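For reference, the structure discussed in these notes is given below.
Quick note on labels: first sequence line is chain A, next is B, and so on, each numbered from 1. Since we're looking at a predicted model, the values are computed, not measured.
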Number of protein chains: 2
Amino acid sequence: MFLTLCQILLEEQHLRPREFDHDDVLRIAFDQFWRKGVRGTSLSDIARDAGVQRGSLYNAFGSKEALFLQAYERYAGDYLLGLQKALGTGSLRKRLTTFFELTIANFRSGSPPRGCPTTRGLMELGAAEGEGLDEEARQVFASLVSRITALVQDTLSAGARRGEFNGNPAVAALHIITVTRGLAVLERAYGDEAQLRKIAAHTIDLVLDKKGG
Amino acid sequence: MFLTLCQILLEEQHLRPREFDHDDVLRIAFDQFWRKGVRGTSLSDIARDAGVQRGSLYNAFGSKEALFLQAYERYAGDYLLGLQKALGTGSLRKRLTTFFELTIANFRSGSPPRGCPTTRGLMELGAAEGEGLDEEARQVFASLVSRITALVQDTLSAGARRGEFNGNPAVAALHIITVTRGLAVLERAYGDEAQLRKIAAHTIDLVLDKKGG
DNA sequence: ATGGTTTCTCGACATCGTGTCAAAAACAAA
DNA sequence: TTTGTTTTTGACACGATGTCGAGAAACCAT
């Protein structure tokens with residue numbers, strides 16, 4: 001995967017070029033994975049959708065899991081960028097509201113809603129060989145969670161400097177992230193978007209130190 | 001599944017009885033599913049472990065998913081009973097602390113930790129045919145979540161009557177449940193039990209209206 | 001006890017998905 | 001054109017799910 005990235009960056013195509021676009025396939029694959037789950041998507045499906053032979057996918061990406069991970073990393077980068085952009089303005093309450101809105105909108109997108117790819121990926125992690133979870137996949141998912149947590153913490157710290165928040169930004173950010181992960185789970189359980197929004201609003205009230213009703 | 005239950009309850013075994021114990025297989029199967037994930041467990045594994053032929057499992061339970069669901073329901077019943085028993089005594093803070101402790105202990109059990117079966121099950125839900133999630137499985141998982149939520153809500157209501165809580169029990173219970181689901185996700189991401197406990201303690205502080213540090 | 005009926009068991013089979021491999025095809029460079 | 005390398009392509013092996021039918025086993029009735 002890292003090798004492939006280097007090859008792309010350095011344009012080191014000395015010989016026969018690929019007959020399909022690497023990024024197109026990544027997008028198509030992620031869309032399928034997101035709609036039908038990693039488990040429910042076969043490489044044949046992706047190959048058909050992308051107009052590529054199944055063997056070519058193995059040649060280009062290595063395995064189904066490797067393909068998913070690369071597709072996921074592309075998604076994660078885009079998603080984090082969108083969050084950063086949206087969290088740049090307004091009062092702290094406004095920013096947190098936007099954060100929850102974007103989060104919920106993300107895993108309520110599609111019909112039927114596709115859920116949160118990160119949470120789904122994390123919970124599908126299996127024991128690799130004998131002991132321990134699949135480390136590579138775990139790190140990829142955990143990385144996005146960490147970066148979003150840092151983003152929220154920064155937002156809270158800035159709010160604290162402006163007198164809009166008087167708690168511990170690190171702990172509060174962890175709490176908020178935990179709530180968003182929990183919302184991703186409840187979304188699967190009930191599919192009731194109004195309920196999700198209610199919980200989000202209540203969480204903001206708690207964090208900003210107003211009594212929740 | 002419902003039929004099988006009726007058969008058990010009514011003891012309607014007119015003819016040749018089964019050669020293996022229904023509940024034993026359910027327990028063995030759930031242990032495997034929990035350790036290796038539904039995806040990572042084959043019916044051959046379970047059949048070997050239980051000393052039963054694979055075909056007999058199909059005959060008795062119908063399919064892999066049906067077997068899992070029945071095994072899960074057995075687990076869910078036991079788990080809820082344990083929670084109810086543990087939440088019967090002490091101050092509201094003590095009860096909530098116990099609740100989070102049991103929750104974390106549950107998905108930190110085993111080595112490596114097996115995670116939360118309910119959350120894993122919910123996030124693995126796939127679209128069934130064309131549209132919509134697998135309804136039957138969704139309801140089974142959501143049912144346990146609902147019942148735990150009700151349990152927490154009752155605990156909060158009782159606390160409110162004793163003057164230990166002055167918020168809205170329904171909303172607060174939803175919030176607490178959301179946090180526990182989020183903890184189940186973070187457990188997969190980081191595997192840091194101390195962090196989980198910190199978030200739990202902070203959540204209790206927020207709900208009981210003390211400033212979290 | 002014995003026969004008949006029902007159910008369970010067990011092995012064979014079909015199907016699908018993953019992953020591997022080797023040969024063919026296609027392209028760049030000499 | 002020739003050489004060398006990579007991609008493509010189809011065939012293959014393997015494992016898992018799920019179905020089916022024949023045979024074995026157990027129970028009821030006579």
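- Annotation for B:Leu43 and B:Leu57: closest pair O-CD1, 3.8 Å, computed over non-hydrogen atoms.
- With A:Thr98 contributing its side chain and A:Lys94 its backbone, the two residues share a donor-acceptor pair below 3.5 Å.
- The side chain of A:Asn59 sits closest to D:dT7 out of C:dC8, D:dT9, D:dT7.
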Could I get a table of every N or O pair under 3.5 Å where one atom is in the protein and the other is in nucleotides 11-15 of chain C?
unit_1	atom_1	unit_2	atom_2	d
C:dG11	OP2	B:Gln53	NE2	3.3

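- Checked by atom type and distance alone, the side chain of A:Thr149 never pairs as donor or acceptor with a backbone atom of A:Leu174 at under 3.5 Å.
- Counting all heavy atoms, side chain and backbone alike, B:Ile199 lies closest to A:His175 at CG2-CA, 4.4 Å.
- When the options B:Phe141, B:Tyr79, B:Trp34 are evaluated for a ring-ring contact (aromatic ring centres under 6.0 Å, His included) with B:Tyr72, the one that passes is B:Phe141.
- If you measure from atom CG of A:Asp21 to atom C1' of D:dT7, you get 16 Å, rounded to the nearest angstrom.
- When the P atom of C:dT7 is taken as reference, atom CG of B:Leu57 falls 19 Å away, rounded to whole Å.
- Using a 4.0 Å cut-off between a side-chain N of Lys or Arg and a carboxylate O of Asp or Glu, B:Glu124 and A:Arg120 do not qualify as a salt bridge.
- For the segment residues 26-34 of chain A, no residue has any heavy atom less than 4.0 angstrom from an atom of DNA chain D.
- A straight line from CD of B:Glu65 to C1' of D:dT17 spans 13 Å, rounded to a whole angstrom.
- Heavy atoms only, all atoms of each residue included: A:Val145 and A:Leu122 are closest at CG2-CD1, 4.3 Å.
- Aromatic rings from A:Phe30 and A:Phe33 are positioned such that their centres are separated by 6.0 Å or more.
- Side-chain N or O atoms of B:Thr180 include one that pairs as donor or acceptor with a backbone N or O of B:Ile177 at under 3.5 Å.
- Side-chain nitrogen and oxygen atoms of A:Ser56 include at least one within less than 4.0 Å of the OP1 or OP2 phosphate oxygen of D:dT8.
- Of the candidate nucleotides C:dT18, C:dT9, D:dT8, C:dT18 has the atom nearest to the side chain of A:Tyr58.
- Interface residues of residues 39-47 of chain A facing DNA chain C, ordered by number: A:Thr41, A:Ser42, A:Leu43; criterion, heavy-atom separation under 4.0 Å.
- In terms of heavy-atom proximity, B:Gln32 sits nearest to B:Thr41 at O-OG1, 3.2 Å.
- B:Thr155 OG1 to B:Gln153 CD: the interatomic distance, rounded to the nearest 0.5 Å, is 10.0 Å.
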